[in-house]
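Contents: one structure, followed by commentary.
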Amino acid sequence: MPRRWTPLHEDIKVPVLKNVWYAMKIIFKADKAIIPVAVIAQVSTQVFTLFFQGVLFLKVLLTIIQGNMTFEYFLKVLLLFLGVGLIYEIIIIASDYAQNIALKRVFKGLNNLIFKKACEVDISCYEDPAFYDAYQRATQILTNSIFMAFVMDLSMLIGNILTLVLVIGIVTSIDPAYLIFLAPVAIVFAVEIIKSKLMYKRDLSMTTNNRIKDYSQRTVYLKEFSKDIRTSNIFSVIINRFRKAVEDNIRIIKKYGFKLFAFSMVGSFFGEFIPIVGTYSFASYQFIKDKGLDISGFSVVLASINSVRQTTTGIAESLAEMTNMALYFQNLHDFFDYESKIKDGEKLAGEFETLEFKNVSFKYPTAEDYSINDVSFKISKNETVALVGVNGAGKTTLVKLMLRFYDVTEGEILYNGVNIKEYNVESLRRRFATVFQDYKTFALSIFENVICHEPIPLKTGEIPF
């Protein structure tokens with residue numbers, strides 16, 4: 001991968017199906033129950049409400065009213081429907097409970113993965129605005145509950161497809177000609193997928209503006225900025241950046257607004273107008289002209305078409321939203337796939353004996369000039385050494401190189417006579433006690449801030465040191 005994070009742009013191409021599969025795998029990795037439970041719940045809901053209640057029960061009832069079935073048969077069917085309804089309620093209650101637990105497990109699991117990766121990326125990433133855009137896009141999976149929306153859309157898609165197959169089977173048994181009016185709904189699926197990609201490009205192009213907005217909002221109420229805001233004109237600068245970010249977002253929304261509206265109209269025409277008007281007209285013609293369609297068949301066709309409309313709309317929306325969610329998972333995939341440029345060595349750093357800089361030169365990835373140039377010195381055990389220099393002379397840079405936050409551009413750094421690149425990074429850093437000039441105090445106890453690990457439970461009367 002490139003040394004710097006590559007900013008995404010609105011024309012980026014992403015593999016949708018591959019990302020759908022990736023989303024399923026990473027969610028399943030966080031919790032194995034959430035997808036199966038959601039699928040069972042949604043399949044039960046769609047099949048029960050749109051097929052059993054909306055179509056099948058009506059068909060049986062009207063058939064009995066016409067005198068084609070006995071009342072005893074109706075009672076048996078009624079008991080069967082009551083049994084199915086009871087099973088449905090049990091499934092919904094159990095799945096709600098299971099989903100609440102699984103939801104927290106997935107949230108925790110994905111959070112841990114993102115936090116772990118954020119701590120592993122190179123320090124140089126934190127000096128690159130594109131990294132913050134990438135990080136924000138990755139965390140949107142959690143902050144916007146995109147992973148849960150993906151699970152729900154996937155389960156609704158499966159439920160709607162199964163219901164559509166059952167309902168179309170009922171309609172086809174009455175007259176296969178109705179399929180002519182239902183065929184255009186296939187166009188809706190393609191339209192919704194195109195719409196979702198446009199929506200993703202719109203949201204993607206607003207990422208940087210949203211980051212600027214969030215920063216501006218945080219800055220205004222954070223304590224560490226309050227004094228400067230009140231004693232300088234910096235507030236107007238922040239507000240102007242905030243205003244510009246909002247105006248840019250409005251421009252982006254307008255840019256995509258007409259296209260999204262046009263695709264919505266096309267989807268409505270093929271997904272609702274043609275199926276409803278066509279089937280209603282054809283059913284009315286058959287019924288009025290006595291073309292073999294009785295009152296039972298006529299009513300069932302009308303009810304079925306309403307179910308078909310709902311399921312096809314649901315399928316189209318689920319496909320579109322899943323496509324959109326999968327594109328967001330591409331952001332998470334890119335974030336996890338970033339490979340650190342600071343590679344681990346195999347050796348473990350031992351007790352300090354010597355530290356030597358040999359002809360070290362370095363410039364930051366985004367800089368044109370070297371921060372330090374041809375620096376050489378050696379520090380031995382028990383020596384006290386002070387590095388003195390004006391601001392910008394490179395004192396902090398030397399410490400960053402020593403800790404391998406960056407690797408030298410030229411020359412080498414030796415720890416106990418061995419190039420620091422040959423050491424395990426964590427073992428090397430543990431040999432140094434470092435306090436930076438811009439140190440932070442975390443919102444933790446004094447003990448945890450000093451010791452940098454959680455307190456160990458103590459026995460009564462025992463002291464921590």
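Remember, it's a predicted structure, so these values are computed and weren't measured experimentally.
- Enclosure of atom CZ in Arg429 by more than 12 non-hydrogen atoms of other residues, nucleotides or ligands within 6.0 angstrom is indicated.
- Cation-pi geometry between Lys32 and Phe28 is met: the NZ or CZ atom falls under 6.0 Å from the ring centre, inside 45° of the normal.
- Judged as a side-chain contact (heavy atoms from CB on, under 4.5 Å), and not counting sequence neighbours, the contacts of Tyr370 are Ser361, Lys363, Thr409, Glu410.
- Between the side chain of Glu383 and the main chain of Ser380, a donor-acceptor pair closer than 3.5 Å is present.
- Within the 4.5 Å cutoff, the side chain of Leu86 has heavy atoms near those of the Ile90 side chain.
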Does the pair Lys343 and Lys421 meet the rule for a side chain to side chain contact (heavy atoms under 4.5 Å, CB included), with working shown?
-> CA-CA 8 Å; Lys343 301 298 182 182; Lys421 293 182 180 179; over 6 Å; no

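- When all heavy atoms are compared, the tightest approach of Val375 to Ile372 is CG2-CB, 4.0 Å.
- The backbone N or O of Glu353 sits less than 3.5 Å from a side-chain atom of Asn416, completing a donor-acceptor pair.
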Tyr364 vs Tyr406, side chain to side chain contact (heavy atoms under 4.5 Å, CB included): CA-CA, chis, key distance, verdict = CA-CA 9 Å; Tyr364 288 95; Tyr406 296 87; 3.7 Å; yes

Is there a side chain to side chain contact (heavy atoms under 4.5 Å, CB included) between Ile26 and Phe329 once you walk through the steps?
-> CA-CA 9 Å; Ile26 197 167; Phe329 273 93; 3.8 Å; yes

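- Looking at residues two or more places apart in sequence or on another chain, you find a side-chain contact (heavy atoms from CB on, under 4.5 Å) between Ile87 and Ile91.
- Although no hydrogens or angles enter the test, the distance criterion places no donor-acceptor pair under 3.5 Å between the side chain of Lys213 and the main chain of Ala245.
- One N or O on the side chain of Lys117 and one on the backbone of Phe336 form a donor-acceptor pair closer than 3.5 Å.
- Checked by atom type and distance alone, the side chain of Asp344 pairs as donor or acceptor with a backbone atom of Val425 at under 3.5 Å.
- The aromatic rings of His333 and Tyr22 sit parallel to each other, their planes meeting at less than 30°, with 60° as the upper class boundary.
- The residue from Phe270, Phe269, Phe263 that alone fulfils the side chain to side chain contact (heavy atoms under 4.5 Å, CB included) condition with Val191 is Phe263.
- Contact annotation: the side chain of Phe150 approaches that of Ile27 to within less than 4.5 Å [non-hydrogen atoms, C-beta and beyond].
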Start with the C-alpha distance between Lys347 and Val418, add both sets of side-chain angles, then the distance that settles side chain to side chain contact (heavy atoms under 4.5 Å, CB included), and finish with yes or no.
-> CA-CA 10 Å; Lys347 294 183 178 181; Val418 178; 4.0 Å; yes

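- In terms of modelled atom types and a separation under 3.5 Å, the side chain of Arg431 and the main chain of Ala349 share a donor-acceptor contact.
- Atom OH of residue Tyr415 and atom OG1 of residue Thr354 lie 8.5 Å apart, to the nearest 0.5 angstrom.
- One finds no salt bridge joining Glu247 and Arg251 here, because no Lys/Arg side-chain nitrogen approaches an Asp/Glu carboxylate oxygen to under 4.0 Å.
- Summarising the geometry of Leu428 relative to Met402, their closest heavy-atom pair is CD2-O, 3.9 Å, with the distance given to 0.1 Å.
- Distance alone, capped at 3.5 Å, places no donor-acceptor pair between the Arg202 side chain and the Gly257 backbone.
- The number of heavy-atom neighbours closer than 6.0 Å to NZ of Lys358, taken from other residues, nucleotides and ligands shown, is 12 or below.
- In summary, the side chains of Glu412 and Asn419 do present a donor paired with an acceptor at a separation below 3.5 Å, with no hydrogens or angles considered.
- Smallest separation of non-hydrogen atoms from Met206 and Ile253: SD-CG1, 4.2 Å.
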